[in-house]
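Here's the structure, in structure tokens; my notes come after.
Throughout, a chain's letter reflects where its sequence line sits, starting with A, and its residues are numbered from 1.
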Amino acid sequence: MKHLKIKWTTLILVLFAILMLGACHKKVAPPPPPPPPPAVAPTASITANPATVDKGQSITLTWQTTNATDVSIDFIGSVDANGSKSVTPDQSTTYRLVAHGAGGTQDATTRVTVNAPPASAVSPVAVDNSTEEDLFGRQIKDLYFDYDKADIRTDAQSAIQADVQFLNQHPNVRFTVEGHCDERGSTEYNLALGTNRAEAVKNALVQAGINASRIKTLSYGKEKPFCTEATENCWQQNRVGHFVYEK
Amino acid sequence: MRHDNFSIFPAKVSNCATALLFLLILSVPVLAQDWIRTGTGLGVEKVRIAAADFQPANADAKNAGLQKSFNETLFNDLENAGIFDLVSKSFYPLPAPARPADVKFDAWSSTPANASMLAFGSLGATGDRISVQAWLYDVKNVASPQVLGKQYDDDATPQAARSIAHKFANEIIFRLGGGIPGVAESTIYFVSDRTGHKEIWAMDYDGANQRAITHLGTISLSPRISPDGSRLAFSSITKSSWEILMYSVELGRMISFPRFGGTNLSPSWSADGTKLALSSSRAGLPNIFVVDASGANPKRLTSGKGPDVSPSWNRKTSDQIAFVSGRSGLPQIYTMEADGTNLQRVTEQGYAVSPNWSPNGQFLTFSWMRKYGPGQPGANDLYLMDITSKQFVQLTHDGGRNDYPFWSPDGRHIVFQSSRSGSEQIWTMLADGTKVKQLTTSGHNTQPNWSWK
């Protein structure tokens, strides 16, 4: 008798669930409310030709916008709604076109790659008026780690060589290696692990002949992530020995 | 995510989805039947107690507000204690007694109230003072019913009314709970980012009076209050290192503590308050050190690349330290004598962190992803392990990442952080995993630390 009751109750619940499921499908699409008359959003596009040049060669930027009242390009400033311009970038540059209008803001970017001339052809110091800090930011390569590991990876050797070469060419540069971790696991353990990562990077540089007195280390654990998505790609960006120039 | 989706659905579909959700929820308790219950003092029959609303002693206009603070606090404290079978207020005979002569013994001791014990009394404001008369009666012992009779006098503020209720609750818990002091007047320290920086905060054990302790504007972590409640040790990032900082609760300001350089983390007080264990990379890589409470006489207990972190003293004996080490790969929990000898590995697999030793020295609680590794999206739950037999039980079952368990001084409760509500917040539960309660809601709140008394 009791069994029968439970079965009936179950049956009724299941039927109810099926009914509700059915209902769900049917009621999904009421007509959308008529949209308010919008201000037309601006459009923007920009291209570079050629997209890759050797250093010293010029390229032509060409852009078009519509419905924009205020158009500008990074590194250039305010420009006409449509136009083209010749530029000679010193280094690889991303040109960003921003179109403001009553309907909003639209931007478009184009990346220009500038190949550096062969090192033997011209002394880099002679043509480059970048500061040492700029060069550090551009040329020093961070070292990445495997999950829960503080061992220098075999694929990090070329980065270490590049770093050592730069540091030997700029013997007055001092810097901090920050040890970072991805968001998984405990706060305290990750700070300790980040310490091991920073020290591993320092050790690798010292072994390659860099004076230890130039190198400070600091762990950030998972306190200062570069990327905050829960994806392996993002986690990898956060498992890093990151170099910071010391002013 | 799911809630976001609901909000853009037309109303009828949303109702329908709610109905389906309700059906799902109906089926959940059936799945949750086979949890194992453990903890201290379980199996002991709980005293059935009633806490009648305290009545106004006079006609002062302030009484209503004070009464509300007092009655809510007393009832919650007894409910939170975990050792009572608290009679639901709807079963209480009326009117509530204000003095011993008002108590109708039969009405309280028979169904539906069926109480063994009755807390009752009165409170009244006179000028800016409040006076509370409080009794605890054994209503089944008509001949000699009085267990407690107390009078309290304090400022006529809701805060003072709360404080008196905590004191009276603690008296009841001490008397009926085997002589173990209650936790109603204890404090929980924690880390909160609600000002935009991770600072050290404090709150009453029930989540009331949340207040910032530090205003350093950097990153401060791992607060640990000293056994006598006078000093708060924590770890904070300075310009070039993580240092242990010391705050005097008595003076209300930072006091000096030596800077070690490197990464100094996770301070832990010995039970007598004379020593701190901590993780320090002062010798190279993070190892466990013990220093005097002044920071002097650092002594290294572990060696190797570690990293070793998160030490916790055996709170009963102070002769053992549990800690976390990544020496074998994923972090595991180890124990050693307080001089660094007799190293024992406690966990054999997964990702085990944040050990905390129970006040009776018998149990370790810790955070564990037991099945962890590629293709094993293990749940991050809290566990309790009997340190002698290494038998363990799972305490949390409600999803989210659960970490930083810390025992209450009476060994009956555990405070912890959990992301089960969608963001990291502080929760408490009884040491058997029941009576889970959320204490914080604003910002992200982590790394709770329960005061020693």
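Neither the backbone nor the side chain of B:Q417 comes within contact range of chain A; no heavy atom of the residue lies under 4.5 Å from a heavy atom of that chain. For A:T187, the parts lying near chain B are the backbone and the side chain together; criterion is any non-hydrogen pair under 4.5 Å.
Separating the OG atom in A:S186 from the CZ atom in B:R401 is a distance of 12.0 Å, to the nearest 0.5 Å. The CZ atom of A:R184 sits 9.0 Å away from atom OH of B:Y351, with the distance rounded to the nearest 0.5 Å. Summarising the geometry, atom CD belonging to A:E188 is positioned 3.5 Å from atom OG belonging to B:S310; distances are rounded to the nearest 0.5 Å. Note that CG of A:L191 is 7.0 Å distant from OG of B:S235, once rounded to the nearest 0.5 Å. The distance from atom CG of A:N196 to atom OG1 of B:T263, rounded to the nearest 0.5 Å, is 9.0 Å.
Two residues are said to be in side-chain contact when any heavy atoms from C-beta on lie closer than 4.5 Å; B:P307 and A:T195 fail this criterion. Put simply, the side chain of A:L218 reaches to within 4.5 Å of the side chain of B:I237, judged on heavy atoms.
Results of the side-chain contact (heavy atoms from CB on, under 4.5 Å) test with A:Y189 over B:V309, B:L265, B:D308 single out B:V309 as the only residue that passes.
Between A:E199 and B:K305, no side-chain nitrogen of the basic residue sits less than 4.0 Å from a carboxylate oxygen of the acidic one, so the salt-bridge criterion is not met.
The two atoms that bring A:D148 and B:G329 nearest to each other are OD2-O, 3.1 Å, heavy atoms only.
Annotation: maximal heavy-atom pairing with chain A below 4.5 Å, among B:G306, B:P286, B:S241, B:S240, occurs at B:P286. Contact count versus chain A (heavy atoms, under 4.5 Å) is highest, among B:S281, B:S279, B:S222, for B:S222.
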